[in-house]
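Every chain is numbered from 1 and lettered A, B, ... according to where its sequence line falls, protein lines coming before strand lines.
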Number of protein chains: 4
Amino acid sequence: MKTAAFLGLGAMGVPMAAALARRAATTGGRVLVWNRHAEKAQAHAAGYGTQAATLEEVGGAQLILTCLPTSADVDEVIGQLEAHINPSTFWVDCTSGHPDAAQLQRARLLKRGVKFLDAPVSGGVSGAEASTLTVMLGGPADEVRAVRGELAFAGKAVHVGDTGAGFAVKAVNNALLAVNLWAAGEGLAALGKGGVDLSAALDVINASSGRSNATENLIPSRVLTRAFPPTFGLGLLAKDADIALDVVRAVGSSAPVLAQVAALTRAASQLVGPHEDHTALLKLVEQMNAQEIR
Amino acid sequence: MKTAAFLGLGAMGVPMAAALARRAATTGGRVLVWNRHAEKAQAHAAGYGTQAATLEEVGGAQLILTCLPTSADVDEVIGQLEAHINPSTFWVDCTSGHPDAAQLQRARLLKRGVKFLDAPVSGGVSGAEASTLTVMLGGPADEVRAVRGELAFAGKAVHVGDTGAGFAVKAVNNALLAVNLWAAGEGLAALGKGGVDLSAALDVINASSGRSNATENLIPSRVLTRAFPPTFGLGLLAKDADIALDVVRAVGSSAPVLAQVAALTRAASQLVGPHEDHTALLKLVEQMNAQEIR
Amino acid sequence: MKTAAFLGLGAMGVPMAAALARRAATTGGRVLVWNRHAEKAQAHAAGYGTQAATLEEVGGAQLILTCLPTSADVDEVIGQLEAHINPSTFWVDCTSGHPDAAQLQRARLLKRGVKFLDAPVSGGVSGAEASTLTVMLGGPADEVRAVRGELAFAGKAVHVGDTGAGFAVKAVNNALLAVNLWAAGEGLAALGKGGVDLSAALDVINASSGRSNATENLIPSRVLTRAFPPTFGLGLLAKDADIALDVVRAVGSSAPVLAQVAALTRAASQLVGPHEDHTALLKLVEQMNAQEIR
Amino acid sequence: MKTAAFLGLGAMGVPMAAALARRAATTGGRVLVWNRHAEKAQAHAAGYGTQAATLEEVGGAQLILTCLPTSADVDEVIGQLEAHINPSTFWVDCTSGHPDAAQLQRARLLKRGVKFLDAPVSGGVSGAEASTLTVMLGGPADEVRAVRGELAFAGKAVHVGDTGAGFAVKAVNNALLAVNLWAAGEGLAALGKGGVDLSAALDVINASSGRSNATENLIPSRVLTRAFPPTFGLGLLAKDADIALDVVRAVGSSAPVLAQVAALTRAASQLVGPHEDHTALLKLVEQMNAQEIR
């Protein structure tokens, strides 16, 4: 598409918009950027060849992408843009949003002819920089086909179901991340208290059936090192685990383990702090056991 | 070592003893095999070049390896062998045993000069056949060094701590397997009930932060297919999850999620059957949600 | 107040409206009754001295009381009544409703001058028949004062907070009921499996610190007897436990035990059936343990 | 019986031994007392008309009662007394002990003709002072009959099953106490955070189906008041909740909620301190929610 607009230049948005700009440079398109703080848009334009734009200008794009903290933030931007937006625009929301919000947002925008797709991403800042993000698309198949090729930041983009399904899968993914991380923390805290070498323990677990992304990647580099580098925040992980529970609830399902871990993640966010890295979830495990995981 | 003896020719033991025999053929050693049912030993000898032996003959080996269902089975074999066993023998127990049993077994055998090491394995039948098992060794460092090179079935053999530490790490690994599997089942049951395509959902989760061995390997090939091929049994998984809780308890630690999942695994073993494949754990999730994961 | 109208003649509503009628007989007031199935209203009028009424007639009452399965049912009735209702009417909703619904219902009715109060009750059919129900009132203090004396079915009516607080306290009460019941079931199943006499065990527990309404009243009369008489339904208990989680979530709180038990209650409703008595919750405990509690 | 000996003069033991002495004064018997710290025995003798005794003298009693922190303490005293004790003595252990220990202790003492019964008590210091304790007796029916009348401190003494059953029921009772207390704490923390008056909430809950000893007695007087008077310790509650899990495990049962709460109680003991009153369990709930329950 000739003009794409990217709204939300956070840690993820900056490299995602940059990837769009690199692609546009080869196809003759252009990428507008907008951010609540205009200076971030100007800095992005200067650094990556995008164009800082007003919301009126954004409204003229064929493709609008959003990547914001929560669905509530997207609602606010929709409210500001609604009056300016062209019919037949595609709105691709990469926020880790709420499936219920997706339903409402799609219905609201469809009244103006705008097609809303939920398209949350996974892969972190490094995945965004390498253009290898995984995108989970929810919406009608033909609309998904229309935009999938435009997502220059994606290494993989999968159509998982109707409107809201992308957000639902993302929330479940993050809930599993929380569970796998927490459970590994419990096991390692006990092993460590018993004098087992945790690097050796992780070495064998990672060659065994209990391994997960948490044991293979997160805990060795972020927890054992005590670095807990602040990337994806603990408060957002707690929010996503709660959204997963809403997904469970919406279909009358029962998920006692996701429910327990969502509650413990909320407690950790409360006790340890929502802006800590999500791996700081294990600091609550450590407090409960008077034992550092190192 | 010149003579090794392998006791316990179950699904794992057969290829493990075969790997020892292949190695011995190149080093001039020999491998004795023993099984409660002697015909299994004779069949192994015929098929893999080992020698079926009596317990008296086993007692003369420099290295004794056991791979039995539980530590109680090992206790029984120790009782039968004790009188025949040479001092300075190494006893390497590859059972998924109990750390408390390891302490008692080591102390008991040390009275006769025999060195007991706990050395549970991970990797399943296919790992045993490919000689790529992961071995978790517990015991004194010099004794671990003395036997590590003999474990021809191992792709990786790691010294994780003192006597019992091998069993402890194995139990924690299997408890994490149970948690990761159960939680993924909860999430997928809800997504499936909501109309999401589960293959697509697993495709993106496996390219995302929530992935685990359960989502990458077990669920696609065993659950979505409805095959649940009976390899590692659900009753043994429940036993291992309970051992992990004993590891937690022994150090006064707190593991609410491991505890919850151990209880649910015990319930699944009760309701679904202990001899079902361990992935049939998810049949309880399915019953609780009136929703198949497929 | 001169005219009260009672809507919803279920197991609870019948004796509650009857209590209002007995009081009205002494004060010169009258009680209108309405039910989706008009013949229930006629039968009530014949049996208890109330008057079967149309929704138009109901709209003229000074006090409208509702007692319906869920807040969604109340929404429907509001929609039907809205056009007919007098300003300055009090609407007292005795449904076990949702705090969020209460906010919306109050706001909606206030536009017509109608004062909505949430007023769920506890005590069961027998409490309703004896006019000893406990009422949990949410709303402005002066409005609560205005209606409290009218609630002839109440043994105790307490103002617990602003709009929605009544529903919130009721939901938490029912969640505690579910927790206390489930946990007692777990303990008794294990004791029974170990050969302990459960009547004796309950006898001492009920003279000890672990006692609850579940151990004192529900389990002896409904579970040990295998009667499970269908009064308050399991599906409604599951709904209330979920509402309690919404109460927790709305304030960003963490309740891992309420969350686990809500999920298990939902699973029991799924497996055992939503129309079974709420004490049939323990049939899932029994299945998980292959052990009857008797 | 002519001579009874009471060992263990803690907060419970002092009034229990005093009750025995008051009874003995009317029947012509005598009560020996012993404590690890002899001065406590002397003080008791001076205050309550008992006789401070050596272990040799204790060995001559017809009835020996113990009330110690754990079964391990009882093991130690058995070791010291064994050589001095008369055959045909009854040993009634009022410790909150472990069912497995009871089996071993009974077998050990039976070799000397001594009959061991497990007889834990409930009711707290005030129940001991009022001689209204509840006693849960485990052992052969004829032996229970022989001693039941001697337990002057009991308001109720119930034979619940074979050896160990008394300890099992006590452990389950205390586990239910922990569950009921914790769950109420979760609910109240959320209600309080939402602005509900907690005294009013407890008032209605205690007239409703969710009530328990925790909501009726413990929380109003110990938690809302912020008094947390140190009676029964949090560390002992954690120990008892763990024993209850052993009871569950011993019969292959599944108790996910007891398991979860036992873990949380252990964590609270770790974080808040084992010597705090058991109601300080709720201080962990408060920390997890950044909300005091008051």
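- Of the two parts of D/Ala183, the backbone and the side chain both hold a non-hydrogen atom closer than 4.5 Å to a non-hydrogen atom of chain C.
- Checking C/Thr231 against C/Asp277 by side-chain atom types alone, a donor-acceptor pair falls below 3.5 Å.
- Looking at C/Asp203 and D/Lys156, a side-chain N of the basic residue comes within less than 4.0 Å of a carboxylate O on the acidic one, giving a salt bridge.
- Residues D/Ser208 and C/Ser122 bring a donor and an acceptor atom of their side chains to less than 3.5 Å of each other.
- Contact of the D/Leu181 side chain with the D/Ile219 side chain is registered, since non-hydrogen atoms from C-beta on lie closer than 4.5 Å.
- Between the side chains of C/Asn289 and D/Ser253, at least one donor N or O lies within less than 3.5 Å of an accepting N or O.
- Taking the charged nitrogens against the carboxylate oxygens, D/Glu143 and D/Arg148 have no contact shorter than 4.0 Å, which rules out a salt bridge.
- Proximity to chain C (any heavy atom under 4.5 Å) is restricted, for D/Val261, to the side chain, taken from C-beta onward.
- Residue D/Asp162: no heavy atom, backbone or side chain, is found under 4.5 Å from chain C.
- Interface remark: D/Lys193 contributes backbone and side-chain atoms alike to the contact with chain C (heavy atom separation under 4.5 Å).
- For chain C, the nearby part of D/Leu264 is the side chain; its heavy atoms alone come within less than 4.5 Å.
- Residue contact with chain C, scored on non-hydrogen atoms closer than 4.5 Å, involves the backbone and the side chain of D/Ser212 alike.
- Using a 4.5 Å cut-off between heavy atoms, D/Pro256 contacts chain C through both its backbone and its side chain.
- If you measure heavy-atom distances from D/Val121 to chain C, you find no contacts under 4.5 Å at all.
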